[in-house]
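Let me begin by presenting the structure, written as structure tokens, before commenting on it.
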Amino acid sequence: MTQFSLFFHRLASPPHFYELSKPWGRAFSWIALVLILVGLFGGLWLAPRDFQQGNGFRIMYVHVPSAWMSLFVFMVMAASAFVGLVWRMRLAYAVAAASAPLGAAFTAVALVTGSLWGKPMWGTYWVWDARLTSELILFFLYLGFITLNRSFEDQQTGDRAAAILALVGAVDIPIVHYSVDWWQTLHQGSSFKGLTSEIAPSMLWPLLVMMTGFMFYYGWLVLWRTRSEILLRESDREWTKRVVGS
Amino acid sequence: MNPWIQFFRSEVGLSWRERRRALLPLVFFVIVASLFPLAMSPRPLILKLIAPGVIWVDVMLATFLGLESLFRQDYEEGVLEQWILSPSSLELRVFLKVISFWTVTSLPLIVMSPILILWLSFPVRALGILLVGLFLGTVTLSFLGALGAALTVSLRQSGMLVAILLLPLATPILIFGAHSALLAADKQNPRPALYLLATLFFLTVGLVPKAISTALKVSYEV
């Protein structure tokens, strides 16, 4: 067995992960803090005003990373669901369960910031735009996953049922997006052009920094939440009692 | 006689014997559709616009609420366990079970929908497209709904939960289905929407039985 695959096999064992995730999570949290502070400073202070939108465009420094993360987290969830179902890896279920509320929160932030931006720019908080609608449906999918995961007395049944839902959802999300897009073009031209034109470099770099910062922020939170999920799932094990007791 | 045909016939027979439960979705379907003119406006112009949407949302709800207990009895009586243990294909069994449900519960909805069309002053020339769409859509919805029923088979009171899980997944069916009828009423070409609906139909019928079987096995820890 190579060094690399050995690393992964050990990572899959909950006690080992529990130990390893602490320094990693701490490192991620600091990286996330620095990146987000730098990104916010760059976005809110250094970047020039937009000649059309004034200062209003600055909400994109939160909105775009959140929207991006909302999809990324679902991909992580579906991938861990797949790993859990195929290789029966308990840790994968814990990661999926830990990710779902985070993904839902990112989706909610994307929806709320989008609405706040829409009011001054479009004159209304909500339009049934293709992207908004599919983001809303994504939010409902997250809620479904969380509800199903928590509905069973036996956590393992809940994990596996929710994993199937996550996989079906991952297949369905592109279809939903496509159908909503089709539906939208049927009704009216898109009122949302958003980031069609190339963004000036002075505005772009804070956005990229923010996106990376959000990734690390999610990495930190998911490690932290997975730790508690593991403790919850393994509460009758010897090592858990040892860890919690100390 | 082929044992699969026998299985299908006995499933249909079983649901038919519980006619009351099979008829509930139909009554629900008709009553809900009759509420919209009361709540919105009886003017034909408005009704004509909302008719396909009302019928499609109504069909979706009736299907999902009716499907909630699809595997419940088989689960409680241990029949499901025998299916899983049996060497014959669980997927095929699930497929036939869903089709038998569709025959007893959804087919009457489709047969009833022309009457609702008259209530909602929808142009009769679009009826054919609506029926084709409903046929494709109800089969697809039945398979999706069966997946929800399979995921929640060991839970009591899962009706709302099934709806929450599945309604977001089913939005593409709603969009393509309702709009094919709307386009036909507008004398536009409804084919693209119908073709897309057919694509979803084949995708679902082909893939979802596998997901349903996996979901059923989950409740037995296999």
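Not measured: the values here are computed from a predicted model. All chains are named by letter (A, B, ...) in the order of the sequence lines, taking the proteins before the strands, and each is independently numbered beginning at 1. Just the heavy atoms: all of them, side chains too, but no hydrogens, waters or symmetry mates, feed the values below.
Heavy atoms closer than 4.5 Å to chain B are found nowhere in A:E153, neither backbone nor side chain. Proximity to chain A is limited to the side chain of B:L196, based on heavy atoms less than 4.5 angstrom apart. When heavy atoms are compared at a cutoff of 4.5 Å, B:L200 approaches chain A solely by way of its side chain, counted from C-beta outward. Only the side chain of A:Y178 comes within contact range of chain B, judged by heavy atoms closer than 4.5 Å. Using a 4.5 Å cut-off between heavy atoms, A:I137 contacts chain B through both its backbone and its side chain. There is no contact between B:A150 and chain A, counting heavy-atom distances below 4.5 Å. Residue B:L147 touches chain A through its side chain alone, counting heavy-atom pairs closer than 4.5 Å. Using a 4.5 Å cut-off between heavy atoms, A:D154 touches chain B through its side chain atoms alone.
For A:E19, the CD atom is loosely surrounded, since the number of other residues' heavy atoms within 6.0 Å does not exceed 12. In B:F8, the CZ atom is crowded: over 12 heavy atoms of neighbouring residues, nucleotides or ligands sit closer than 6.0 Å. Applying the 6.0 Å contact sphere to CH2 of A:W220 captures no more than 12 heavy atoms from other residues, nucleotides or ligands. Environment of CG in B:L38: crowded, with over 12 heavy atoms of neighbouring residues, nucleotides or ligands closer than 6.0 Å. Within a 6.0 Å radius of CZ in A:F82, other residues, nucleotides and ligands contribute 12 heavy atoms or fewer. Atom CZ of A:F152 has more than 12 neighbouring heavy atoms from other residues, nucleotides or ligands inside a 6.0 Å radius. Environment of CZ in B:R125: crowded, with over 12 heavy atoms of neighbouring residues, nucleotides or ligands closer than 6.0 Å.
Note on ring orientation: taking the six-membered ring where Trp is involved, the planes of A:W183 and B:H179 are perpendicular (angle over 60°, cut-offs 30° and 60°).
Of the listed residues (B:A215, B:P168, B:P192, B:A170), the greatest number of heavy-atom pairs within a distance under 4.5 Å of chain A belongs to B:P168.
Using a 4.5 Å heavy-atom cutoff, the side chains of B:V208 and A:V168 are not in contact. Counting heavy atoms from C-beta outward, A:S151 and B:L161 have side chains that approach closer than 4.5 Å. Using a 4.5 Å cut-off on side-chain heavy atoms (C-beta onward), A:V171 and B:L203 make no contact.
Closest approach of A:T157 and B:S219 over heavy atoms only: CG2-CA, 4.4 Å. The two residues A:S179 and B:I175 make their nearest non-hydrogen contact at OG-CD1, 3.7 Å.
To the nearest 0.5 Å, the span separating OG1 on B:T199 from CD1 on A:I175 amounts to 9.5 Å. The structure places CG of A:D172 at 6.5 Å from OG1 of B:T171, a figure rounded to the nearest 0.5 Å. Considering OG1 of A:T147 and CE of B:M160, their distance stands at 12.5 Å, rounded to 0.5 Å. Atom CD1 of residue B:I164 and atom CG of residue A:L141 lie 12.0 Å apart, to the nearest 0.5 angstrom.
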